[in-house]
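Here's the structure, in structure tokens; my notes come after.
Position 1 is the first residue of the sequence; numbering continues from there. Here the structure is a predicted model, which is why all the values come from computation and not from measurement.
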Amino acid sequence: MAVWTLGLNHRTAPIDLRERFAFASDQLVLSLQGLRRSFETHKEVAILSTCNRTEVYCAGDEVHWRQTLKWLADTGKAHVDVLQSHIYRLEGDASARHAFRVASGLDSMVLGESQILGQFKNAVRLAADSGALGTTLNQLFQRSFAVAKEVRTSTDIGVHSISMAAASVRLASRIFENIKDTNVLFVGAGEMIELCVAHFAAKSPRSITIANRSAERAEMLATQHGGQSMSLADLPMRLQDFDVVISCTASTLPLIGLGAVQRALRARKNRPIFMVDLAVPRDIEPEVKDLSGIYLYTIDDLTQVINSGQSQRQEAVAEAEIIIDEGVEKFMAWLDRRSHVPLIRELNLQADAWRQTELARARKRIEKGQSVDSVLESLSMALMKKVLNGPLRELNHPDGVQREKALEAVRHIFLND
């Protein structure tokens, strides 16, 4: 079986291209089915789609780069030539190593972050539930999760990690002298927003407000941190009330437009608004960044803040890479053994056919009245001859090189204690 990965991430593609290939969770099952149909025979597939990456993992009898690339380009309505300059193609051990590094947080924008492991597990669970996984990818992913766990427990990879949420607070502190004097709005109520709310709440802002499609979810999160909730429909009218806006939803279209921000700035008499858009696709129209008095940061803009502590983790990275190398070696050995399964199956069938033939002969001899001892003797001799026929024939092969190979194989298989 061949294993291959095709993807783009925060290192290879800008956010305006990545957001075209972001898969909403409710689209993934159909996307998995469409990807499998794009191959001549249904292959094993999985799709990992996060704010920082979209990756397609496949396994089959042979690598199908052209079909995989064309499917991804068609999905994002991009020309193949344009997409090709922003993707990475990985095969075999390189594909396995990449999966292990991603699961371990070594390939993340936030080095050592743990959120990616949960996202990876969700992607695998969805692929399994939709029938898109098989033995090979399932083995790859389960080994990825095991390696990630070992990296997390055996190294300090996450000790100095700076999260997106912490980076957002740091940036806000550069704009506003005291976070305690700010009114903070969070748009969305998912895991990323939960982290952001917790970090900002620790700074005791003047107010915390949660806007979300689910009023119940917004109210629950707001209550946990002494805040209040509001409807997304009120966002354009209420935007002027907030100094800090953090947004991260699964919306496929922007929720905060240029016009709404312009009106908010006029109402605020141009007092600044600090905005962080952690969503892919983006929640805030990119043109907003050009407005005077707006400090808008996307997920890519946070890289510099996040990377400030990465030098402290290089020793942990080296330790993690050793664990990953061992994991890759074991997976590739397993994959190599899998290629011998048809031969092993054929060998078992042949041996069983011999056994059945000799058993049938033995039963007939017993029915004719022959003694059990003589029947067992004949049975054992016949089986011995069948087993040794092939090796003895090869040991008498006319070609000397072939005879030497057979000699070594016979010694190893039959004469090795």
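Residues satisfying the side-chain hydrogen bond (donor to acceptor under 3.5 Å, both in side chains) test with Gln119, not counting sequence neighbours, are none. For Asn122, the side-chain hydrogen bond (donor to acceptor under 3.5 Å, both in side chains) partners at least two apart in sequence or on another chain are Arg125. Residues satisfying the salt bridge (charged side-chain N to carboxylate O under 4.0 Å, His left out) criterion with Lys70, sequence neighbours excluded, are Asp74. With sequence neighbours excluded, no residue forms a salt bridge (charged side-chain N to carboxylate O under 4.0 Å, His left out) with Asp16. Taking Arg238 as the reference, Asp241 meet the salt bridge (charged side-chain N to carboxylate O under 4.0 Å, His left out) condition, with sequence neighbours excluded. Residues that satisfy the salt bridge (charged side-chain N to carboxylate O under 4.0 Å, His left out) test with Arg11, not counting sequence neighbours, are Asp107. Under the rule for a side-chain hydrogen bond (donor to acceptor under 3.5 Å, both in side chains), the partners of Trp4 that lie at least two apart in sequence or sit in another chain are Thr68.
A distance of 4.5 Å separates CD1 of Ile87 from CG of Leu69, quoted to the nearest 0.5 Å. Rounded to the nearest 0.5 Å, atoms CG (Asn212) and OG (Ser229) are 9.5 Å apart. A distance of 10.5 Å separates CZ of Arg37 from CH2 of Trp71, quoted to the nearest 0.5 Å. Of the inter-residue distances, the one linking Glu44 atom CD with Leu32 atom CG reads 12.5 Å to the nearest 0.5 angstrom.
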Exercise answer: donor-acceptor pairs, residues 324-332 side-chain atoms, under 3.5 Å, sequence neighbours excluded:
from, atom 1, to, atom 2, distance (Å)
Asp325, OD1, Arg97, NE, 3.3
Asp325, OD1, Arg97, NH2, 3.3

Quick one: side chains of residues 387-395, donor-acceptor pairs under 3.5 Å with protein atoms, not counting sequence neighbours, listed by atom name and distance.
from, atom 1, to, atom 2, distance (Å)
Glu394, OE1, Gln402, NE2, 3.4

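Across all their heavy atoms, Ser144 and Ala99 have their closest contact at OG-CB, 3.7 Å. Pairing each heavy atom of Phe200 with each of Pro205, the nearest pair is O-CD, 3.1 Å. Heavy atoms only, all atoms of each residue included: Ile299 and Ile15 are closest at CG2-CD1, 3.8 Å. In terms of heavy-atom proximity, Pro281 sits nearest to Ala22 at CD-CB, 3.7 Å. Nearest heavy-atom pair, Arg213 versus Ser251, reported as atom, atom and distance to 0.1 Å: NH2-OG, 3.9 Å. Of all heavy-atom pairs between Ala279 and Cys248, the closest is CB-CA, 4.0 Å.
Atom CD of Glu216 sits in a sparse spot, with 12 or fewer heavy atoms from other residues, nucleotides or ligands closer than 6.0 Å. Heavy-atom contacts from other residues, nucleotides or ligands closer than 6.0 Å to CZ of Arg20 number more than 12. Counting non-hydrogen atoms of other residues, nucleotides and ligands closer than 6.0 Å to CG of Asp61 gives a total of 12 or fewer. The environment of Tyr295 atom OH is sparse: at most 12 non-hydrogen atoms of other residues, nucleotides or ligands sit within 6.0 angstrom.
Panel note: side chain Thr155, backbone Glu319; no donor-acceptor pair is recorded below 3.5 Å. Judged by distance alone, the side chain of Thr50 and the main-chain N or O of Asn52 form a donor-acceptor pair under 3.5 Å. Using a distance-only test at 3.5 Å, with no hydrogens or angles considered, a donor-acceptor pair links the side chain of Glu113 to the main chain of Gln115. A donor-acceptor pair under 3.5 Å is absent between the side-chain atoms of Asp283 and the main chain of Asp277, judged by distance alone. Using modelled atom types, no side-chain atom of Arg403 and backbone atom of Asn396 make a donor-acceptor pair closer than 3.5 Å. Under a 3.5 Å cut-off, the side chain of Asn183 and the backbone N or O of Asp243 do not form any donor-acceptor pair. Using a distance-only test at 3.5 Å, with no hydrogens or angles considered, no donor-acceptor pair links the side chain of Ser154 to the main chain of Val151. Between the side chain of Arg53 and the backbone N or O of Leu8, no donor-acceptor pair lies under 3.5 Å. A donor-acceptor distance shorter than 3.5 angstrom exists from the side chain of Asp301 to the backbone of Thr298, with no hydrogens or angles considered. Checking side-chain atoms of Gln67 against main-chain N and O of Phe39 turns up no donor-acceptor pair under 3.5 Å.
Identified under the ring pair (Phe, Tyr, Trp, His ring centres under 6.0 Å) test for residues 342-401, with sequence neighbours left out: none. Counting only residues at least two apart or on different chains, no side-chain hydrogen bond (donor to acceptor under 3.5 Å, both in side chains) pair has a member in residues 22-34. Screening residues 125-147 for ring pair (Phe, Tyr, Trp, His ring centres under 6.0 Å) gives Tyr57-Phe141, Phe120-Phe141, Phe120-Phe145 as the qualifying pairs, with residues at least two apart or on separate chains.
Applying the side chain to side chain donor-acceptor pair (under 3.5 Å) test between Arg18 and each of Thr12, Asn9, Asp300 identifies Asp300 as the sole match.
No salt bridge links Glu408 with Arg411; every basic N to acidic carboxylate O contact stays at or beyond 4.0 Å.
Using a 4.5 Å heavy-atom cutoff, the side chains of Leu221 and Gln224 are in contact.
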Exercise. Check the pair Ser114 / Arg152 against side chain to side chain contact (heavy atoms under 4.5 Å, CB included), numbers first and verdict last.
Key: CA-CA 9 Å; Ser114 58; Arg152 186 71 50 186; 4.0 Å; yes
Exercise. Verify side-chain hydrogen bond (donor to acceptor under 3.5 Å, both in side chains) between Asn138 and Thr135, making sure each step is shown before the conclusion.
Key: CA-CA 5 Å; Asn138 184 63; Thr135 303; over 6 Å; no
